[in-house]
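The next block holds one structure in the form of structure tokens; read it before the comments.
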Amino acid sequence: MSMIDVRKLSLDLGEGVRRRQILNDISLSVEAGDSFGLVGESGSGKSTVLRCIAGLYRHWTGEISIDGQTFASADRMGWCRKVQMVFQDPYGSLHPKHKIDTILSEPLRIHGFKDIDRRVSQILTQVGLGPRFRYRFPHQLSGGQRQRVAIARALILEPKILLLDEPTSALDVSIQAEILNLFSDLREQLDLTYLLVSHDLAVIDHMCSNLAVMRSGSVVESLSREQMVHGGATERYTNTLLRASEKYDRELVDELAAAS
Ligand SMILES: Nc1ncnc2c1ncn2[C@@H]1O[C@H](COP(=O)(O)OP(=O)(O)OP(=O)(O)O)[C@@H](O)[C@H]1O
Ligand SMILES: [Mg+2]
């Protein structure tokens, strides 16, 4: 069964004469436990797709289902527990005046979890930080550690799906490999499903079994990782995109190989 099913998703954004169609009949499907890549040029609508699935935009047309339930029939709190987002910038996405403890326990309190204390220290260990980070502020952490906190926060409500929007592109290349491997481990341990946006095809190659290529708000082509790597793309735009990144970030590929 699909864990994420998007059918004919369309969305307009902007005010007055500036209003225009941003997404145009997007369809994609991600199997439970899979990691699915979303690629395409800047402005093609990748983040907007994630925002629609996360429930941050609500005026789209079409259908979005997760875990067999449509967005229209789901309650907001329940949806938010199942789908969480991780953003590119760990600096911007954590409240600077809140300690890690507050950042992680607040969602648990809002959603009525018991056993908050144990859950917070468990998640810190799961993301490789450990309890000693609990009473620090975000500015007392490195970029990689901050991204681990952002991942912990995304996981704290025990979601089934993570929407990852360029989750490593703000990080140093050696840290990128560490964080990507953490994502791979967590997906296995916690039975997660990923929808991952990256402009870096080495990242997609390492993380995803299937992907969709977007351009100007539409899906141009859907293909498997094997097709991407072994010249099986049929659309001209996909091939241009692949050629443009043929020099694949060699440094990152080597780091990934060394770290796994
Ligand atoms: N709130 C908004 N109002 C109007 N237009 C918007 C809004 N948000 C995004 N857009 C436009 O929607 C289009 C898609 O944006 P989106 O952020 O989804 O692209 P993207 O594929 O994630 O790009 P990037 O790779 O640069 O992150 C862009 O042309 C953008 O300018
Ligand atoms: Mg984006």
Side-chain angles (χ1 to χ4, degrees), residues 4 6-30 35-64 66 71 83-94 143 146-147 150-151 153-154 161-171 173 176 179-180 183 194-208 210-223 228 233 235-249 252:
I4 307 172
V6 174
R7 291 281 143 233
K8 293 188 169 296
L9 175 67
S10 295
L11 176 79
D12 290 357
L13 286 176
E15 297 301 321
V17 290
R18 291 225 189 90
R19 193 165 182 86
R20 62 184 187 85
Q21 188 164 15
I22 303 295
L23 300 180
N24 180 15
D25 264 356
I26 301 277
S27 295
L28 57 90
S29 173
V30 187
S35 178
F36 188 97
L38 210 49
V39 302
E41 65 200 12
S42 183
S44 56
K46 305 177 299 293
S47 298
T48 308
V49 170
L50 298 197
R51 290 174 149 269
C52 290
I53 299 172
L56 299 173
Y57 291 130
R58 332 197 99 222
H59 61 283
W60 40 264
T61 59
E63 198 168 282
I64 300 178
I66 55 169
F71 186 81
V83 188
Q84 288 283 317
M85 239 172 127
V86 177
F87 300 92
Q88 172 176 359
D89 176 14
Y91 302 85
S93 69
L94 300 175
R146 253 186 291 234
Q147 195 58 314
I151 296 166
R153 186 187 50 186
I161 298 166
L162 288 190
L163 306 172
L164 308 173
D165 198 351
E166 303 268 11
T168 57
S169 49
L171 304 171
V173 75
Q176 278 188 44
I179 299 289
L180 288 170
F183 277 124
Y194 290 165
L195 182 53
L196 165 72
V197 169
S198 179
H199 65 268
D200 190 333
L201 294 179
V203 171
I204 300 288
D205 180 4
H206 183 69
M207 297 282 291
C208 302
N210 293 286
L211 64 145
V213 181
M214 285 186 66
R215 186 185 196 187
S216 311
S218 301
V219 170
V220 177
E221 184 168 11
S222 296
L223 66 168
M228 174 180 92
E235 292 296 322
R236 197 168 150 194
Y237 178 70
T238 308
N239 281 309
T240 310
L241 201 70
L242 287 170
R243 252 197 324 277
S245 58
E246 228 160 38
K247 51 184 180 321
Y248 266 28
D249 191 338
L252 178 59

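Atom set for the values below is all heavy atoms of this structure, side chains included, hydrogens, waters and symmetry mates excluded. Small disclaimer: the values here were computed from a predicted structure and weren't measured. Atoms within a ligand are numbered from 1 in the order they appear, just like the ligands themselves.
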For atom 8 (N) of ligand 1, closest protein heavy-atom neighbour: Leu13 CD1, 3.6 Å

2.8 Å cut-off met by an N, O or S atom of Thr48 to the Mg ion (ligand 2): no

Atom 21 (O) of ligand 1 [closest protein heavy-atom partner, distance rounded to 0.1 Å]: Lys46 NZ, 2.8 Å

Atom of Ala233, atom of Asn239 and distance for their closest heavy-atom approach: O-ND2, 3.3 Å

Nearest-neighbour protein heavy atom for atom 30 (C) of ligand 1, which is reported as residue plus atom name and distance: Arg20 NH2, 4.3 Å

Nearest candidate to atom 19 (O) of ligand 1, where distance is taken over non-hydrogen atoms, out of Cys52, Ser198, Ser169, Gly45: Gly45

pair Thr168-Gln147: side-chain heavy atoms closer than 4.5 Å: no

Pairwise distance OG(Ser216) to OH(Tyr237) - rounded to 0.5 angstrom: 7.5 Å

Main-chain N/O of Val213 paired to Glu221 side chain as donor or acceptor, under 3.5 Å: no

Within 6.0 angstrom of Arg236 CZ, more than 12 heavy atoms from elsewhere: no

Which residue and heavy atom of the protein sit nearest atom 17 (O) of ligand 1, plus the separation: Ser47 CB, 3.8 Å

Side chains of Met85 and Leu56 in contact at under 4.5 Å (non-hydrogen atoms): yes

Heavy atom of the protein closest to atom 1 (N) of ligand 1 (residue, atom name, distance): Tyr57 OH, 3.9 Å

Within-4.5 Å side-chain heavy-atom neighbours: Pro167 and Leu196: yes

Shortest protein heavy-atom distance from atom 26 (O) of ligand 1, along with the residue and atom involved: Ser42 OG, 2.5 Å

Nearest-neighbour protein heavy atom for atom 28 (C) of ligand 1, which is reported as residue plus atom name and distance: Gly43 O, 3.8 Å

Where ligand 1 meets Ser44 - atom numbers and elements under 4.0 angstrom, heavy-atom basis: 19 (O), 21 (O)

Closest heavy-atom pair and its distance - Lys46, Val39: CD-C, 3.7 Å

Option nearest atom 16 (P) of ligand 1 (shortest heavy-atom distance, choices Val197, Thr48, Ile22): Thr48

